[in-house]
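Presented below is the structure to which this report refers.
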Amino acid sequence: MKYFSFFFMVTTVSFIFLNSCQQGSKSSQYVIGFSQCNSAEPWREAMNREMQNEAAKYPEIELIISDAQQDNSRQVADVENFIVSEVDLLIISPNEAQPLTAIVEEVYQKGIPVIVLDRKVLTDNFTVYIGADNALIGERAGSYTAGLLGGKGRVVEIWGLKGSTPAQERHDGFMKGIAAYPEIEIIYEQDGAWLRRRGREIMENALQRFENIDLVYGHNDPMAMGAFLAAENAGREKGIYFIGIDGLPGPEGGAQAVLNGQLTATFLYPTGGKEAIQTALKILNDQSVEKYITLETATIDSANASEFTGI
Ligand code: FRU
(Lines give C-alpha, C1' and ligand atoms only; values in the text may rest on other atoms or scores of the structure.)
Protein backbone atom coordinates (compact mmCIF):
# COMPACT_ATOMS: atom_id res chain seq x y z
CA MET A 1 0.00 0.00 0.00
CA LYS A 2 2.77 2.34 1.00
CA TYR A 3 4.62 1.52 -2.20
CA PHE A 4 1.49 2.01 -4.19
CA SER A 5 0.84 5.53 -2.92
CA PHE A 6 4.47 6.47 -3.41
CA PHE A 7 4.26 5.26 -7.00
CA PHE A 8 1.00 7.15 -7.47
CA MET A 9 2.51 10.35 -6.17
CA VAL A 10 5.59 10.13 -8.38
CA THR A 11 3.55 9.43 -11.48
CA THR A 12 1.14 12.25 -10.71
CA VAL A 13 3.93 14.72 -10.13
CA SER A 14 5.80 13.75 -13.26
CA PHE A 15 2.56 13.83 -15.23
CA ILE A 16 1.91 17.43 -14.15
CA PHE A 17 5.52 18.37 -14.79
CA LEU A 18 5.68 16.77 -18.23
CA ASN A 19 2.36 18.23 -19.15
CA SER A 20 3.52 21.74 -18.42
CA CYS A 21 6.87 21.45 -20.13
CA GLN A 22 5.96 19.32 -23.15
CA GLN A 23 9.30 17.61 -23.16
CA GLY A 24 10.60 14.05 -23.11
CA SER A 25 10.36 11.75 -20.13
CA LYS A 26 13.94 11.94 -18.90
CA SER A 27 14.49 12.75 -15.27
CA SER A 28 16.99 15.55 -15.21
CA GLN A 29 19.28 17.23 -12.76
CA TYR A 30 18.63 20.79 -13.90
CA VAL A 31 15.57 22.58 -15.18
CA ILE A 32 16.14 25.55 -17.49
CA GLY A 33 13.18 27.87 -18.09
CA PHE A 34 13.24 29.81 -21.34
CA SER A 35 10.88 32.75 -21.54
CA GLN A 36 10.43 33.43 -25.24
CA CYS A 37 8.75 36.73 -26.12
CA ASN A 38 6.93 35.21 -29.09
CA SER A 39 7.20 31.81 -30.71
CA ALA A 40 5.20 32.61 -33.83
CA GLU A 41 7.85 34.25 -36.01
CA PRO A 42 10.20 32.09 -38.14
CA TRP A 43 13.32 33.51 -36.49
CA ARG A 44 11.98 32.66 -33.02
CA GLU A 45 10.88 29.20 -34.13
CA ALA A 46 14.46 28.68 -35.30
CA MET A 47 15.76 29.89 -31.92
CA ASN A 48 13.49 27.47 -30.02
CA ARG A 49 14.49 24.59 -32.30
CA GLU A 50 18.19 25.33 -31.88
CA MET A 51 17.80 25.32 -28.12
CA GLN A 52 15.76 22.12 -28.07
CA ASN A 53 18.28 20.35 -30.32
CA GLU A 54 21.18 21.45 -28.17
CA ALA A 55 19.40 20.63 -24.89
CA ALA A 56 18.53 17.16 -26.20
CA LYS A 57 22.25 16.33 -26.22
CA TYR A 58 22.45 16.67 -22.44
CA PRO A 59 20.36 14.26 -20.36
CA GLU A 60 21.10 16.29 -17.24
CA ILE A 61 19.00 19.25 -18.40
CA GLU A 62 15.31 19.72 -18.99
CA LEU A 63 14.26 22.74 -21.08
CA ILE A 64 10.88 24.37 -20.61
CA ILE A 65 9.84 27.02 -23.13
CA SER A 66 7.07 29.53 -22.48
CA ASP A 67 5.62 31.79 -25.18
CA ALA A 68 4.52 35.31 -24.19
CA GLN A 69 2.95 36.00 -27.60
CA GLN A 70 4.42 39.52 -27.77
CA ASP A 71 2.70 40.53 -24.56
CA ASN A 72 4.88 42.13 -21.85
CA SER A 73 2.54 41.32 -18.92
CA ARG A 74 2.21 37.77 -20.09
CA GLN A 75 5.99 37.47 -20.21
CA VAL A 76 6.30 38.82 -16.65
CA ALA A 77 3.75 36.17 -15.57
CA ASP A 78 5.70 33.45 -17.41
CA VAL A 79 8.84 34.40 -15.52
CA GLU A 80 6.92 34.49 -12.22
CA ASN A 81 5.78 30.93 -12.95
CA PHE A 82 9.37 29.89 -13.51
CA ILE A 83 10.28 31.39 -10.12
CA VAL A 84 7.44 29.46 -8.44
CA SER A 85 8.45 26.21 -10.12
CA GLU A 86 12.04 26.81 -8.93
CA VAL A 87 13.90 26.55 -12.21
CA ASP A 88 17.67 26.31 -11.85
CA LEU A 89 18.36 28.91 -14.53
CA LEU A 90 16.36 31.39 -16.58
CA ILE A 91 16.96 32.29 -20.21
CA ILE A 92 14.90 35.25 -21.41
CA SER A 93 14.47 36.98 -24.74
CA PRO A 94 12.45 40.00 -23.56
CA ASN A 95 9.66 41.44 -25.67
CA GLU A 96 10.36 45.05 -24.67
CA ALA A 97 13.18 46.29 -22.47
CA GLN A 98 11.55 48.50 -19.86
CA PRO A 99 8.56 46.32 -18.88
CA LEU A 100 10.75 43.23 -18.36
CA THR A 101 13.58 44.87 -16.44
CA ALA A 102 12.17 44.57 -12.91
CA ILE A 103 11.35 40.87 -13.19
CA VAL A 104 14.80 40.05 -14.57
CA GLU A 105 16.35 41.89 -11.62
CA GLU A 106 14.06 40.01 -9.23
CA VAL A 107 15.11 36.61 -10.59
CA TYR A 108 18.79 37.53 -10.49
CA GLN A 109 18.54 38.87 -6.95
CA LYS A 110 16.92 35.61 -5.85
CA GLY A 111 20.17 33.90 -6.84
CA ILE A 112 18.82 32.27 -10.01
CA PRO A 113 21.28 32.75 -12.89
CA VAL A 114 19.79 34.70 -15.82
CA ILE A 115 20.88 34.64 -19.46
CA VAL A 116 19.45 37.53 -21.50
CA LEU A 117 19.24 36.58 -25.15
CA ASP A 118 18.99 38.86 -28.23
CA ARG A 119 16.90 41.76 -26.87
CA LYS A 120 18.23 43.58 -23.80
CA VAL A 121 16.82 44.84 -20.50
CA LEU A 122 17.69 48.11 -18.78
CA THR A 123 19.87 46.74 -15.99
CA ASP A 124 23.20 45.02 -15.38
CA ASN A 125 21.56 42.62 -12.95
CA PHE A 126 21.80 39.46 -15.04
CA THR A 127 24.47 36.80 -15.44
CA VAL A 128 25.20 36.80 -19.18
CA TYR A 129 23.99 38.62 -22.28
CA ILE A 130 24.21 36.76 -25.60
CA GLY A 131 23.52 38.40 -28.95
CA ALA A 132 25.00 39.90 -32.09
CA ASP A 133 25.98 43.57 -32.13
CA ASN A 134 22.85 45.31 -33.45
CA ALA A 135 24.52 48.73 -33.67
CA LEU A 136 27.26 47.25 -35.83
CA ILE A 137 24.70 45.49 -38.02
CA GLY A 138 22.81 48.78 -38.45
CA GLU A 139 26.02 50.58 -39.34
CA ARG A 140 26.90 47.96 -41.94
CA ALA A 141 23.39 48.27 -43.37
CA GLY A 142 23.95 52.05 -43.53
CA SER A 143 27.29 51.81 -45.34
CA TYR A 144 25.86 49.19 -47.68
CA THR A 145 22.96 51.55 -48.44
CA ALA A 146 25.36 54.42 -49.14
CA GLY A 147 27.23 52.17 -51.56
CA LEU A 148 24.08 51.04 -53.35
CA LEU A 149 22.74 54.57 -53.68
CA GLY A 150 26.05 56.20 -54.58
CA GLY A 151 25.66 58.50 -51.59
CA LYS A 152 22.30 59.97 -52.61
CA GLY A 153 18.73 58.74 -52.32
CA ARG A 154 15.38 58.48 -50.57
CA VAL A 155 14.98 55.82 -47.91
CA VAL A 156 11.96 54.32 -46.15
CA GLU A 157 12.89 52.88 -42.76
CA ILE A 158 10.64 50.22 -41.19
CA TRP A 159 11.47 49.97 -37.52
CA GLY A 160 11.25 46.94 -35.26
CA LEU A 161 9.17 47.34 -32.10
CA LYS A 162 10.47 50.64 -30.70
CA GLY A 163 10.53 49.47 -27.09
CA SER A 164 12.85 46.59 -27.95
CA THR A 165 16.56 47.36 -27.96
CA PRO A 166 17.54 45.92 -31.37
CA ALA A 167 15.20 48.41 -33.08
CA GLN A 168 16.86 51.44 -31.47
CA GLU A 169 20.35 50.01 -32.04
CA ARG A 170 19.67 49.09 -35.67
CA HIS A 171 18.37 52.61 -36.26
CA ASP A 172 21.27 54.37 -34.49
CA GLY A 173 23.82 52.19 -36.30
CA PHE A 174 22.21 52.90 -39.66
CA MET A 175 22.29 56.66 -39.04
CA LYS A 176 26.00 56.36 -38.25
CA GLY A 177 26.55 54.35 -41.44
CA ILE A 178 24.96 57.05 -43.61
CA ALA A 179 26.23 60.03 -41.56
CA ALA A 180 28.83 61.01 -44.14
CA TYR A 181 26.16 61.22 -46.86
CA PRO A 182 23.84 64.17 -46.24
CA GLU A 183 22.04 63.49 -49.52
CA ILE A 184 20.69 60.21 -48.20
CA GLU A 185 17.34 61.15 -46.77
CA ILE A 186 14.98 59.11 -44.59
CA ILE A 187 11.68 60.22 -46.11
CA TYR A 188 9.37 57.98 -44.08
CA GLU A 189 9.81 55.89 -40.93
CA GLN A 190 7.29 53.83 -39.00
CA ASP A 191 7.24 51.18 -36.28
CA GLY A 192 6.49 47.83 -37.93
CA ALA A 193 6.63 45.87 -34.63
CA TRP A 194 8.88 43.26 -36.35
CA LEU A 195 5.85 41.97 -38.29
CA ARG A 196 5.70 41.20 -42.00
CA ARG A 197 2.06 42.29 -42.15
CA ARG A 198 2.97 45.70 -40.70
CA GLY A 199 5.89 46.03 -43.11
CA ARG A 200 3.48 45.56 -45.96
CA GLU A 201 0.98 48.12 -44.62
CA ILE A 202 3.68 50.72 -43.96
CA MET A 203 5.01 50.31 -47.48
CA GLU A 204 1.52 50.62 -48.97
CA ASN A 205 1.26 54.00 -47.25
CA ALA A 206 4.75 55.02 -48.32
CA LEU A 207 4.03 54.12 -51.94
CA GLN A 208 0.92 56.27 -51.90
CA ARG A 209 2.74 59.24 -50.41
CA PHE A 210 6.00 59.17 -52.35
CA GLU A 211 6.58 58.87 -56.05
CA ASN A 212 10.28 58.24 -55.65
CA ILE A 213 11.59 55.71 -53.16
CA ASP A 214 15.08 54.36 -53.74
CA LEU A 215 15.53 51.95 -50.87
CA VAL A 216 13.64 50.30 -48.02
CA TYR A 217 15.55 49.47 -44.86
CA GLY A 218 13.59 46.93 -42.82
CA HIS A 219 14.89 46.19 -39.33
CA ASN A 220 14.19 42.52 -40.06
CA ASP A 221 13.64 40.38 -43.15
CA PRO A 222 9.93 39.70 -42.63
CA MET A 223 9.16 43.45 -42.66
CA ALA A 224 11.48 44.06 -45.65
CA MET A 225 9.73 41.20 -47.46
CA GLY A 226 6.31 42.59 -46.55
CA ALA A 227 7.43 45.90 -48.08
CA PHE A 228 8.69 44.13 -51.18
CA LEU A 229 5.30 42.44 -51.64
CA ALA A 230 3.50 45.79 -51.33
CA ALA A 231 5.79 47.30 -53.98
CA GLU A 232 5.37 44.28 -56.23
CA ASN A 233 1.62 44.59 -55.91
CA ALA A 234 1.87 48.22 -57.00
CA GLY A 235 4.22 47.28 -59.87
CA ARG A 236 7.01 49.41 -58.38
CA GLU A 237 9.42 46.80 -56.96
CA LYS A 238 11.92 47.06 -59.81
CA GLY A 239 13.19 50.54 -59.04
CA ILE A 240 13.59 49.99 -55.29
CA TYR A 241 16.27 48.22 -53.24
CA PHE A 242 15.06 46.22 -50.22
CA ILE A 243 17.41 45.38 -47.42
CA GLY A 244 16.69 43.47 -44.23
CA ILE A 245 18.27 41.76 -41.24
CA ASP A 246 18.21 38.13 -39.98
CA GLY A 247 19.40 36.06 -42.96
CA LEU A 248 17.61 32.91 -41.83
CA PRO A 249 18.36 29.77 -43.86
CA GLY A 250 15.61 27.72 -45.49
CA PRO A 251 13.14 28.33 -48.32
CA GLU A 252 11.30 31.12 -46.47
CA GLY A 253 14.45 32.75 -45.07
CA GLY A 254 16.20 36.00 -45.94
CA ALA A 255 19.13 34.33 -47.68
CA GLN A 256 16.75 32.66 -50.15
CA ALA A 257 14.93 36.01 -50.63
CA VAL A 258 18.28 37.49 -51.69
CA LEU A 259 18.79 34.64 -54.17
CA ASN A 260 15.26 35.24 -55.47
CA GLY A 261 16.13 38.89 -56.10
CA GLN A 262 13.50 40.13 -53.62
CA LEU A 263 15.98 41.45 -51.06
CA THR A 264 19.18 43.08 -52.29
CA ALA A 265 20.95 42.25 -49.06
CA THR A 266 20.38 41.03 -45.54
CA PHE A 267 22.62 40.92 -42.48
CA LEU A 268 23.02 37.72 -40.51
CA TYR A 269 21.54 37.89 -37.02
CA PRO A 270 22.14 34.51 -35.38
CA THR A 271 19.53 33.37 -32.86
CA GLY A 272 22.09 32.26 -30.27
CA GLY A 273 19.89 29.33 -29.19
CA LYS A 274 22.76 26.86 -29.16
CA GLU A 275 25.12 29.24 -27.37
CA ALA A 276 22.46 29.94 -24.73
CA ILE A 277 22.20 26.25 -23.81
CA GLN A 278 25.98 25.79 -23.85
CA THR A 279 26.42 28.84 -21.63
CA ALA A 280 23.65 27.67 -19.30
CA LEU A 281 25.45 24.36 -18.84
CA LYS A 282 28.69 26.13 -17.99
CA ILE A 283 26.94 28.30 -15.40
CA LEU A 284 25.17 25.30 -13.87
CA ASN A 285 28.50 23.46 -13.69
CA ASP A 286 30.13 26.44 -11.96
CA GLN A 287 32.44 27.21 -14.86
CA SER A 288 33.37 30.82 -15.53
CA VAL A 289 31.64 32.67 -18.38
CA GLU A 290 32.04 36.10 -19.97
CA LYS A 291 29.26 38.54 -19.10
CA TYR A 292 28.82 39.56 -22.75
CA ILE A 293 28.95 36.98 -25.54
CA THR A 294 28.84 38.65 -28.95
CA LEU A 295 27.70 36.55 -31.89
CA GLU A 296 29.11 36.98 -35.39
CA THR A 297 27.25 38.73 -38.18
CA ALA A 298 27.80 38.75 -41.97
CA THR A 299 26.66 40.72 -44.98
CA ILE A 300 24.59 38.48 -47.26
CA ASP A 301 24.02 39.58 -50.84
CA SER A 302 23.98 37.98 -54.28
CA ALA A 303 27.73 37.35 -54.01
CA ASN A 304 27.40 34.85 -51.14
CA ALA A 305 23.71 34.16 -50.40
CA SER A 306 23.92 30.54 -51.58
CA GLU A 307 26.29 29.85 -48.68
CA PHE A 308 23.58 30.84 -46.20
CA THR A 309 20.49 29.06 -47.52
CA GLY A 310 21.28 25.60 -46.09
CA ILE A 311 20.01 24.60 -42.64
C1 FRU B 1 11.92 38.03 -34.18
C2 FRU B 1 12.75 39.22 -34.44
C3 FRU B 1 13.80 39.02 -35.48
C4 FRU B 1 14.70 40.13 -35.11
C5 FRU B 1 14.72 40.00 -33.61
C6 FRU B 1 15.11 41.21 -32.89
O7 FRU B 1 11.02 38.29 -33.15
O8 FRU B 1 11.87 40.23 -34.83
O9 FRU B 1 13.32 39.08 -36.78
O10 FRU B 1 15.93 40.09 -35.69
O11 FRU B 1 13.42 39.62 -33.27
O12 FRU B 1 14.97 41.05 -31.52
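These numbers were taken from a predicted model, which means no experiment stands behind them. For ligands, and for the atoms within them, numbers begin at 1 and follow the listed sequence.
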**Prompt:** Which option out of Asp246, Thr165, Asn220, Leu195 puts a heavy atom nearest to atom 10 (O) of ligand 1?
**Reply:**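 Closest candidate by heavy-atom distance is Asp246.
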[X] versus ligand 1: do any nitrogen or oxygen atoms come within less than 3.5 Å of each other?
X: Arg44; result: yes
X: Asp118; result: yes
X: Glu41; result: yes
X: Trp194; result: no

I'd like to know if [X] pairs up with [Y] as an ion pair, taking the criterion as any Lys NZ or Arg NE/NH1/NH2 lying under 4.0 Å from an Asp or Glu carboxylate oxygen.
X: Lys176; Y: Glu139; answer: yes
X: Lys120; Y: Glu169; answer: yes
X: Arg170; Y: Asp133; answer: no

**Request:** Find all atoms of ligand 1 within a distance of less than 4.0 Å from any non-hydrogen atom belonging to Tyr269, and give their numbers and elements.
**Result:**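 It comes down to these atoms of ligand 1: 10 (O).
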**Message:** Among Ile243, Asn220, Ile300, which residue satisfies the side chain to side chain contact (heavy atoms under 4.5 Å, CB included) criterion with Thr266?
**Reply:**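 Result for side chain to side chain contact (heavy atoms under 4.5 Å, CB included) with Thr266: Ile300.
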**Message:** With a cutoff of 4.0 Å, is Pro166 in contact with ligand 1, counting heavy atoms of the residue only?
**Reply:**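 Contact present.
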**Prompt:** Does Arg170 have a non-hydrogen atom less than 4.0 Å from ligand 1?
**Reply:**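 Contact present.
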**Message:** Using side-chain heavy atoms (C-beta onward) and a distance below 4.5 Å, is Thr264 in contact with Asp301?
**Reply:**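 SC-SC contact between Thr264 and Asp301 ruled out.
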**Message:** Does any part of the side chain of Ile32, heavy atoms only, come nearer than 4.5 Å to the side chain of Val87, both counted from C-beta?
**Reply:**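 The answer is no, as the side chains (C-beta and beyond) never meet within the 4.5 Å cut-off.
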